[in-house]
Novice: 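If you scroll down you'll find the structure; I have some questions about it.
As the structure lists them, so they are numbered: ligands from 1, and atoms in each ligand from 1. Any value given below was found using the heavy atoms of this structure, including those in side chains, with hydrogens, waters and symmetry copies removed.
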Amino acid sequence: MTGPYQAGLGDQSLGTSGKEAMATPIFKCVHASDLHLGQVFSGMDQMPVDFLDPLLDAPYLATESIFTAALTEDVDCVLLTGDVLSADELGPRSLVFLVEQCERLAVRGIPVYWALGGDDPPLRWQPASLLPDSVHRLGGKDREILHQLQNGTEIRLLGPSDQRAVVRPGDYPAVEDERISIALGYGSASQDALAELGYHYWALGGVHLRETLSRNPTIHYAGTPQGRSPADSGPRGCTLLEIDAEGLVQTSPIVTDAVRWNTFAVEVDSETSHEALYGMMQEQISRGLVDAASRPLLVTWKINGAGSLVRSLQTEEATARLLAQLNAVDHGGVSVWHVAVEVLRPAEYPAKWYEEETIRGEFLRSLQLVQQEGLSQADWEEHLPCGEEGAEVAARIARQEGIDPELAIKRAADLGVHLLSGEDH
Ligand SMILES: [Mn+2]
């Protein structure tokens with residue numbers, strides 16, 4: 001198997017005096033996390049048989065690309081920050097594969113520092129003896145290592161003291177010497193508390209979407225190298241980390257996914273015809289194929305808007321028909337599979353329903369009012385039942401903060417109309 005990888009543009013830390021250009025790096029490594037080697041894909045009802053092998057191989061190909069990138073970039077070491085192998089996904093294939101990949105680096109004298117996190121097997125784990133000596137599992141009392149560079153400089157690497165889902169600032173002693181220091185951790189983190197500890201780089205895992213919490217210092221989640229479901233839309237990979245003698249940090253994305261998930265949104269209005277919608281979708285697919293650079297593409301559609309076209313797509317039958325139509329197109333070999341079509345149904349119904357002297361008519365008229373004037377917290381709170389039940393609902397709504405209110409009204413409207421329309425709708 002060969003896994004191609006693509007390198008991207010770098011992002012630099014702010015340094016002590018604002019934005020500075022980075023000098024020649026003295027330390028270079030690949031930071032990856034959340035390989036989840038044995039984890040299968042989810043979120044698909046059906047799939048053509050041609051896609052089965054690419055999907056099953058994707059986590060392995062993506063992982064292979066991480067190690068290929070490490071060799072090509074001639075790094076000093078590889079940092080893995082959690083969810084590399086999990087006990088319940090652990091088949092012989094995953095372990096043997098990881099051993100093989102680490103051996104590719106061992107031959108070139110490149111060590112792997114694996115900070116245990118999430119579902120990783122614990123420090124005392126017999127099969128770890130199969131890994132080459134160049135793999136150091138950091139955790140518990142074996143959490144710290146000094147990596148020696150060729151010029152004699154030492155880089156401090158410090159893993160977590162235990163396997164929790166939170167990066168606890170109290171777990172990492174403040175840096176008190178001149179060494180370049182890298183903290184490795186897993187789980188959610190609060191940037192302010194970590195920033196004060198003096199580490200040059202925080203290599204974090206446990207978050208599947210690549211994310212940089214801070215640039216001063218750089219606190220970074222590499223993300224998973226391979227998406228697993230429609231929720232993982234877009235490219236996935238690992239990070240090339242470079243540090244210069246001044247301690248300035250640069251991170252660059254390396255794309256490693258072997259199968260690309262994409263969620264595409266299409267806006268339609270009352271003028272949009274079925275053909276026009278189909279045309280818009282084909283355009284997005286063409287762009288997606290270019291971005292995916294010959295990877296198989298798994299597409300989820302979100303159709304949003306108003307008008308008769310969206311109304312006509314409101315049944316499961318209609319979306320299934322559209323899905324079948326999309327999947328009937330041959331893009332040549334294993335290239336595109338449409339996973340689902342989701343229609344964000346409009347809170348807009350036939351005009352005469354709004355005039356009816358029925359409960360549904362009354363519901364729609366009050367809905368119109370809410371749509372025009374919006375809904376403030378005080379408005380809905382007074383409709384909640386008193387006591388514990390009401391408090392619980394209020395808490396649940398509060399947790400959903402950030403949800404699109406228009407979408408929430410649409411969903412409520414659809415449910416209401418459905419319930420009040422009886423059998424014929
Ligand atoms: Mn994970």
Side-chain angles (χ1 to χ4, degrees), residues 3 30-44 55-67 69 78-91 93-95 97-98 101-102 112-123 125 127-128 131 135 137-139 143 159-168 171 183-191 194 201-213 219-239 241 251 253-261 263 298:
V30 163
H31 168 203
S33 78
D34 299 82
L35 313 187
H36 289 286
L37 267 174
Q39 194 183 90
V40 290
F41 292 80
S42 62
M44 274 184 295
L55 279 172
L56 291 175
D57 286 340
Y60 296 95
L61 286 169
T63 295
E64 188 182 30
S65 294
I66 296 170
F67 286 85
V78 168
L79 310 180
L80 301 176
T81 50
D83 282 348
V84 174
L85 290 174
S86 78
D88 51 333
E89 300 160 3
L90 191 57
R93 184 180 178 188
S94 302
L95 180 58
F97 187 81
L98 186 66
Q101 294 304 314
C102 292
V112 174
Y113 301 113
W114 173 3
L116 304 181
D119 288 339
D120 286 335
L123 204 55
W125 177 58
L131 293 161
V135 179
R137 301 173 77 234
L138 306 184
R143 62 190 295 212
S161 66
D162 50 26
Q163 274 175 257
R164 301 206 189 192
V166 179
V167 183
R168 290 171 304 142
D171 193 25
L184 297 90
Y186 178 95
S188 55
S190 99
Q191 59 174 87
L194 300 186
Y201 181 72
W202 285 84
L204 302 184
V207 169
H208 287 192
L209 182 60
R210 180 191 160 80
E211 188 185 359
T212 302
L213 283 191
I219 304 176
H220 181 77
Y221 291 96
T224 182
Q226 174 60 59
R228 297 296 202 292
S229 77
D232 296 338
S233 180
R236 300 287 152 146
C238 61
T239 294
L241 165 68
T251 55
I254 294 173
V255 179
T256 59
D257 53 0
V259 169
R260 177 69 48 83
W261 296 83
T263 299
L298 292 156

Novice: Atom CG of Leu80 and atom NE2 of His31: how far apart are they, to the nearest 0.5 Å?
Specialist: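 Rounded to the nearest 0.5 Å, the CG-NE2 separation comes to 8.5 Å.
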Novice: Between Arg143 and Asp171, is there a salt bridge with N-O shorter than 4.0 Å?
Specialist: yes
Novice: Let me have the donor-acceptor pairs involving side chains of residues 184-191, under 3.5 Å, with sequence neighbours excluded, atom names and distances please.
Specialist:
{"from": "Tyr186", "atom 1": "OH", "to": "Asp83", "atom 2": "OD1", "distance (Å)": "3.3"}
{"from": "Tyr186", "atom 1": "OH", "to": "Asp83", "atom 2": "OD2", "distance (Å)": "2.8"}

Novice: Do Ser94 and Tyr60 meet the criterion of a side-chain donor-acceptor pair at a distance under 3.5 Å?
Specialist: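 On atom types as modelled, these side chains qualify, holding a pair under 3.5 Å.
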Novice: How close do His220 and Thr212 get, counting heavy atoms only, and between which atoms?
Specialist: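 Shortest heavy-atom separation between His220 and Thr212 comes out as ND1-OG1, 2.9 Å.
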Novice: Roughly how far, to the nearest 0.5 Å, is the CG atom of Leu55 from the CZ atom of Arg228?
Specialist: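 Between Arg228 CZ and Leu55 CG, I get 10.5 Å after rounding to 0.5 Å.
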Novice: Around the Mn ion (ligand 1), what protein N, O or S atoms are found below 2.8 Å?
Specialist: Asp34 OD2, His36 NE2, Asp83 OD2, His208 NE2
